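Inspection log for the structure reproduced underneath, given as structure tokens.
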Amino acid sequence: MPDAASSSRHTTAAVQSFLENLHQACAGLCEGKVADYIPELAKVDPDLFGICLVTADGQVFAVGDTEHLFTVQSISKVFVQGLALEDHGRDYVLGRVGVEPTGDAFNAIILDEASKRPYNPMVNAGAIATTSLINGDGPTERLNRLLDMFRRYVGHDIVVDVATYVSERATGDRNRAMAYLMRHFKMVDWDIEEALDLYFQQCSVMVSCRDLAMMAATLANQGTNPVTGDRAVDAGYVRDMLSVMYTCGMYNFAGEWAYRVGLPAKSGVCGGIIAVVPDQLGIAVFSPPLDARGNSVRGVRVCEAISQEFGLHLFDSSRGCHNFLEQLRGKKRLIEAVEETF
Ligand code: GLN
């Protein structure tokens with residue numbers, strides 16, 4: 001018989017009610033500011049707020065605005081990195097984009113002094129370089145490959161929000177400046193405006209909080225969508241993606257995030273955050289108001305609370321029951337054992 005004290009703590013209903021209470025508690029957090037440097041993003045309702053968990057075996061827990069669609073923004077960078085790795089392999093990609101955290105803002109115009117590479121695929125410079133590695137015969141084929149990749153992660157068709165894409169393209173001179181600097185150092189092969197276009201399009205892909213949780217759960221499930229069973233990325237590259245998320249995914253908050261939450265994660269100026277508990281769980285939060293580093297205020301708070309409640313910090317062994325799925329399964333086993341007894 002399983003240990004009742006550790007196994008009864010988090011039933012499916014208890015997880016749902018914990019998330020509902022957390023949603024209610026964090027809805028009172030009104031700090032932060034919606035991103036407005038891309039005019040289209042400024043139009044979002046700041047009160048939208050969703051939390052969604054998807055387990056590595058496909059169970060879904062959703063609270064609040066989890067079906068509302070918004071643009072994925074920087075969260076796309078993780079998945080495009082995966083596709084670039086599939087297209088070229090680890091060594092080639094590493095030759096073009098480093099894996100070092102910068103400690104600088106996501107849009108900083110800096111390259112590694114010695115190698116001229118952008119520091120990592122999670123800051124804008126690195127993401128543009130990564131996008132420029134996507135294979136395809138011309139812009140349409142590249143975009144289609146990218147959309148197809150997102151489709152495998154979310155489990156349904158996916159579109160680009162044209163208004164956001166046009167808005168980014170019209171106001172993206174900072175990104176343009178970085179891209180031209182990289183071209184100067186011969187770090188981008190094809191037409192720079194085409195590479196930027198694809199980057200703006202990937203940032204403008206529409207997702208819901210539930211989609212993001214499914215994408216995170218796919219990474220938790222070693223690259224296979226836990227609901228459709230579709231392989232979204234070669235399992236061998238999930239490790240690469242998660243390590244870069246862990247060290248660089250939250251920009252210049254990455255160190256404190258790793259310390260406090262202890263999970264690989266990625267944020268975007270849309271107000272979304274994903275976090276991955278390998279082999280167990282994908283977490284997504286959507287709440288548009290951002291802190292000074294460009295991370296969702298409520299998103300950070302929610303992830304910290306979930307990590308703490310379920311003992312998910314990767315290096316936390318003190319709670320002794322930090323396998324999320326085991327906590328759920330443990331209760332089922334307990335009920336079966338009780339039923340057998342009577
Ligand atoms: N499209 C945005 C940009 O390039 C993405 C930034 C982000 O989400 N941090 O500025």
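All of these numbers come straight from a predicted model, not from anything done at the bench. Every number for a ligand or one of its atoms is a count from 1 in the order of the listing.
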> Gln73 heavy atoms, cut-off 4.0 Å: which ligand 1 atoms fall inside?
Replying inline: 1 (N), 2 (C), 5 (C), 8 (O)
>> Distance alone, cut at 3.5 Å: any donor-acceptor contact between the side chains of Ser167 and Glu40?
In response: no
> Looking at Asn175, which atoms of ligand 1 are within less than 4.0 Å of one of its heavy atoms?
Replying inline: 3 (C), 4 (O), 10 (O)
>> At less than 4.0 angstrom from any non-hydrogen atom of Gly268, what atoms of ligand 1 do you find?
In response: 8 (O)
>> So, 4.0 Å and heavy atoms of Phe200: is ligand 1 close enough to count as a contact?
In response: no
> Parallel under 30°, tilted from 30 to 60°, perpendicular over 60°: which one fits the rings of Phe315 and Tyr246?
Replying inline: perpendicular
> Is it true that Asn124 lies under 4.0 Å from ligand 1, counting heavy atoms only?
Replying inline: yes
> Quick one: are Phe70 and Asp65 in side-chain contact, heavy atoms under 4.5 Å?
Replying inline: no
> Can Glu304 and Gln308 be counted as having a side-chain donor-acceptor contact under 3.5 angstrom?
Replying inline: no
>> I'd like to check Gln73 versus Glu168 (side-chain heavy atoms, cut-off strictly below 4.5 Å). Are they in contact?
In response: yes
> Can you list the atoms of ligand 1 that are under 4.0 Å from a heavy atom of Cys203?
Replying inline: 1 (N)
> Which of the atoms in ligand 1, numbered in the order shown and given with their element, are less than 4.0 Å from a heavy-atom of Glu168?
Replying inline: 1 (N), 2 (C)
>> If we count only N and O atoms by modelled type, under 3.5 Å, do the side chains of Arg176 and Tyr180 hold a donor and an acceptor together?
In response: no
>> Would you say Tyr153 and Asp211 are linked by a side-chain donor-acceptor pair, where the criterion is simply a distance under 3.5 Å?
In response: no
> By number and element, which atoms of ligand 1 are closer than 4.0 Å to a non-hydrogen atom of Tyr37?
Replying inline: 2 (C), 3 (C), 5 (C), 6 (C), 10 (O)
> Considering only the protein, which heavy-atom contact is closest to atom 4 (O) of ligand 1, and what is its distance?
Replying inline: Tyr199 OH, 2.7 Å
>> Regarding Asp87 and Tyr92, do their side chains bring together a donor and an acceptor under 3.5 Å, going by distance alone?
In response: no
> Can you find an N/O atom of Tyr251 closer than 3.5 Å to an N/O atom of ligand 1?
Replying inline: yes
> For ligand 1, which atoms sit closer than 4.0 Å to a heavy atom of Ser74?
Replying inline: 5 (C), 6 (C), 7 (C), 8 (O), 9 (N)
